[in-house]
Amino acid sequence: MFSKILIANRGEIAVRIIKTCRRMGIKTVVVYSEADADSMAVEMADEAVFIGGAPASESYLVQDKIVDAVRQTRAEAVHPGFGFLSENASFARRLAAEGIVFIGPNPHAIEAMGDKIESKKFAAKANVSVVPGHVGEIDDTAHAVKISEEIGYPVMIKASAGGGGKGIRVAWNRKDVEEGFPAVRAEAKASFGDDRIFIEKFIESPRHVEIQVLGDKHGNVVHLFERECSIQRRNQKVIEEAPSPLLDEKTRKAMGDQAVALAKAVQYDSAGTVEFVAGQDKSFFFLEMNTRLQVEHPVTEMITGVDLVEQMIRSAYGEKLPFAQKDLKINGWAMESRIYAEDPYRGFLPSIGRLVRYSPPPEGDTPYGFVRNDAGVREGDEISMFYDPMISKLSTWGKTRDAAIDAMGRALEDFHIEGLGQNIPFLAAVMDQKRFRSGKLSTNYIKDEFPDGFQGLPPTDAQRDLMSAVALAMHRVLTRRASPDLLRDDWIVVVGHDQRAVKVQADNGDISVTCDGKTTRLESVDWRPGRPVFRGCFEGQDFAVAVKPAAEGFVIRHRATTLHVLVLSPRSAELHRMLPPKKAADTSKMVLSPMPGLVVSIDVAAGQAVRTGEVVAVLEAMKMQNILRAERDGTVKAVSVKAGDSVAADEVLVEFA
Ligand code: ADP
Ligand code: ADP
Ligand code: MG
């Protein structure tokens, strides 16, 4: 076996690979950029080599620097992780020429599958069903319109070199193609340096189902069943699971057989993924093959017991696959949530910053199921604008899909992050939705379920009771400490306009709350002032909620539901009722920055009359441009920033008169 491997990546995937190498007794080297000098991967690896500036183009993407680091540390092989150089055939060739092993497929397979147009041609030859469309390059807009009309709307315009959800656009009519074709072409040129475009049928309300394959250098290829990744925003996955609730045994076998046939056709000799788009009727079409380890590989590992990184290393070393197709079985169900630094309440815009608090749930066998958290960060680390904004991947396993979902809901409750926007409340909302539990998924799920954007979920009666009890318990702890003579057992709990009279009975950290003749019980309270998480057992069920003291009362979040709860004495409650309702500050005349980022342009000036829909400013963060438009007609009163400025979320950019 290899004695030393260099990992040409960063973050959670570098940490993930180090863990397997350690178990196999292989020494590890990581390369790191300026931004990652103090990272967890650097701390964990046996050796670390500095390779340059924070932008990937100055470090992780520079082949010469990676090769130098290999020479310097005498590593024998390179694991590229995903992203960066992982699907770069010239890098794989370069390593081979230098006598270094690339832990991935042979360059010929990367080339054949790396390009969407080429891979579709290959797939069609291997008798794999491909999305109906035009498998070839398109010259210009007129040609694009002609092709789209032949295929029939809706169609999808795609960059042949595309990836990560970029360079894709749906067109419902001729006008969409006329606008979309040049836009996708420009995006493809800018993002991938390759502006070849093709067009295929857009499958409506589809599901994303993919097959994990694994090959060796001796002609053996197996598949490790499917993953379903239909919960996507901006064509990018956020929740994945294995197996898929869509497939039956027959479809699973048909899809698996096609994936293996395609892999064999390119002499595939590592871990890879064949992606399909599937109709609700279980019809399915080949989308693309990813010739690398996939972000969501943990769910496959959890249901098969196979360590995919270990198998990649073994096949790169020349070993034969240790199992045949018939040895592989699906065991239970696994769910993965991608925890992103993004603000679900603002259209999932990136929200980078420092992890002021980072407290993941316990891993391994927990009271609520098996939990795995793939992370590359620690408390105090920064999620920077230079790389992918993923914080960690939280996975759970259970005997059934319901058990895996329940475990995920609880694990998300126990995951506490502060300092930046994060999508845990959104992920918790999905776990709590009936539709998700029923398995009726589609890539439109988020748009269908949250048509006006995500605003959290309204409380259930049980959640209201839970959060009232939590507020009463915290209020009691604080009162006992500050002014014990004010302790009493009758209180009014205020949530919005609703006031409820309750009786509280406390004994040894447990409390019973009686309201309208119904008594609920909160036990095992170990909360102390200042703690951001309150854990306990309510009506016999363990829970965790995030708590924050507010100017008055507490802000409490349980899963996707946030409530402002106030505990008052009956007399104060009477006075409280007479207070005029507070008015929110009037921000209707201001254009606020929806995210931290860089001002690309300010398109208006003071005194200028602006019509609804006109572009006011363009912001950029994490390579994503966000165009801000006027929400009504008006005259610009003041402009407070200029192009090139860095702005915080909610900063005033432009004010209207
Ligand atoms: P999938 O592997 O399922 O296709 P995505 O398409 O969402 O997942 O993301 C994969 C791409 O995201 C990678 O090819 C890479 O560009 C980027 N990426 C995600 N996480 C990382 C990471 N930790 N380091 C580098 N690139 C990453
Ligand atoms: P990428 O390389 O960015 O991952 P894919 O071709 O895999 O690009 O497409 C990304 C996502 O876009 C898919 O997971 C799927 O949700 C959606 N998609 C792609 N092609 C189609 C199609 N023809 N019809 C419907 N949805 C599609
Ligand atoms: Mg894809």
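Note that ligands are numbered from 1 as they come in the structure, with each ligand's atoms numbered from 1 the same way.
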*Asks:* Which atom, among the N/O/S set of E275, is closest to the Mg ion (ligand 3)?
*Replies:* OE1
*Asks:* With heavy-atom distances below 4.0 Å as the criterion, list the atoms of ligand 2 near G163.
*Replies:*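 Those atoms are 1 (P), 2 (O), 3 (O).
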*Asks:* Considering only heavy atoms, which of E87, K158, E210 lies nearest to atom 6 (O) of ligand 2?
*Replies:*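 When every heavy atom of E87, K158, E210 is considered, K158 comes closest to atom 6 (O) of ligand 2.
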*Asks:* Mind telling me whether F84 and Y60 have parallel, tilted or perpendicular rings, with 30° and 60° as the class edges?
*Replies:*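 Y60 vs F84 ring planes: parallel.
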*Asks:* How is the N/O/S atom of E288 that comes nearest to the Mg ion (ligand 3) named?
*Replies:* OE2
*Asks:* Which residue pairs pass the side chain to side chain donor-acceptor pair (under 3.5 Å) test with at least one member in residues 188-199, sequence neighbours excluded?
*Replies:* D115-R196, D194-R196
*Asks:* For ligand 2, which atoms have a heavy atom of P206 less than 4.0 angstrom away?
*Replies:* 25 (C), 26 (N)
*Asks:* Salt bridge (Lys or Arg N to Asp or Glu O under 4.0 Å) with E240: which of R338, K393, R227?
*Replies:* R338
*Asks:* Please identify which atoms of ligand 2 are closer than 4.0 Å to at least one heavy atom of T443.
*Replies:* 16 (O)
*Asks:* Will you find, in the side chains of D216 and N220, an N or O donor that is under 3.5 Å from an N or O acceptor?
*Replies:* yes
*Asks:* Ignoring hydrogens and geometry beyond distance, is a side-chain donor-acceptor pair present between E275 and Q294 at under 3.5 Å?
*Replies:* yes
*Asks:* Could you tell me which atoms of ligand 2, counted from 1 in the order shown, lie closer than 4.0 angstrom to a heavy atom of G162?
*Replies:*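 Taking each heavy atom of G162 in turn, ligand 2 has 2 (O) under 4.0 Å.
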*Asks:* Name all residues meeting the side chain to side chain donor-acceptor pair (under 3.5 Å) criterion together with Q280; count only those two or more places apart in sequence or in a different chain, and write none if there are none.
*Replies:* R207
*Asks:* I'd like to know if E249 and R252 make a salt bridge, using a cut-off of under 4.0 Å between side-chain N and carboxylate O.
*Replies:* yes
*Asks:* Report yes if some heavy atom in the side chain of D176 is under 4.5 Å from a heavy atom in the side chain of V170; otherwise report no.
*Replies:*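 Result no, sub-4.5 Å side-chain heavy-atom pair not found.
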*Asks:* Would you mind listing which atoms of ligand 2 come within a distance below 4.0 Å of any non-hydrogen atom of I168?
*Replies:* 8 (O), 9 (O), 10 (C)
*Asks:* What atoms in ligand 2 come closer than 4.0 Å to a heavy atom of F202?
*Replies:* 24 (N), 25 (C), 26 (N)
*Asks:* State the atoms of ligand 2, each with its element, that fall below the 4.0 Å cut-off from a heavy-atom position in E200.
*Replies:*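 It comes down to these atoms of ligand 2: 20 (N), 21 (C), 22 (C), 23 (N).
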*Asks:* If you measure from each non-hydrogen atom of K116 to ligand 2, which part falls under 4.0 Å: side chain, backbone, both or neither?
*Replies:* side chain
*Asks:* Do we get R233 above Y340's six-membered ring, with its NZ or CZ under 6.0 Å from the centre and within 45° of the axis?
*Replies:* yes
*Asks:* Measuring from atom 15 (C) of ligand 2, which candidate in E288, R207, Q232 has the nearest non-hydrogen atom?
*Replies:* Q232
*Asks:* Which is it for L287 and ligand 2 at heavy atoms under 4.0 Å: side chain, backbone, both or neither?
*Replies:*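 The answer is the side chain.
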*Asks:* Mark up the atoms of ligand 2 that fall under 4.0 Å of a heavy atom belonging to H208, in ascending order.
*Replies:* 13 (C), 14 (O)
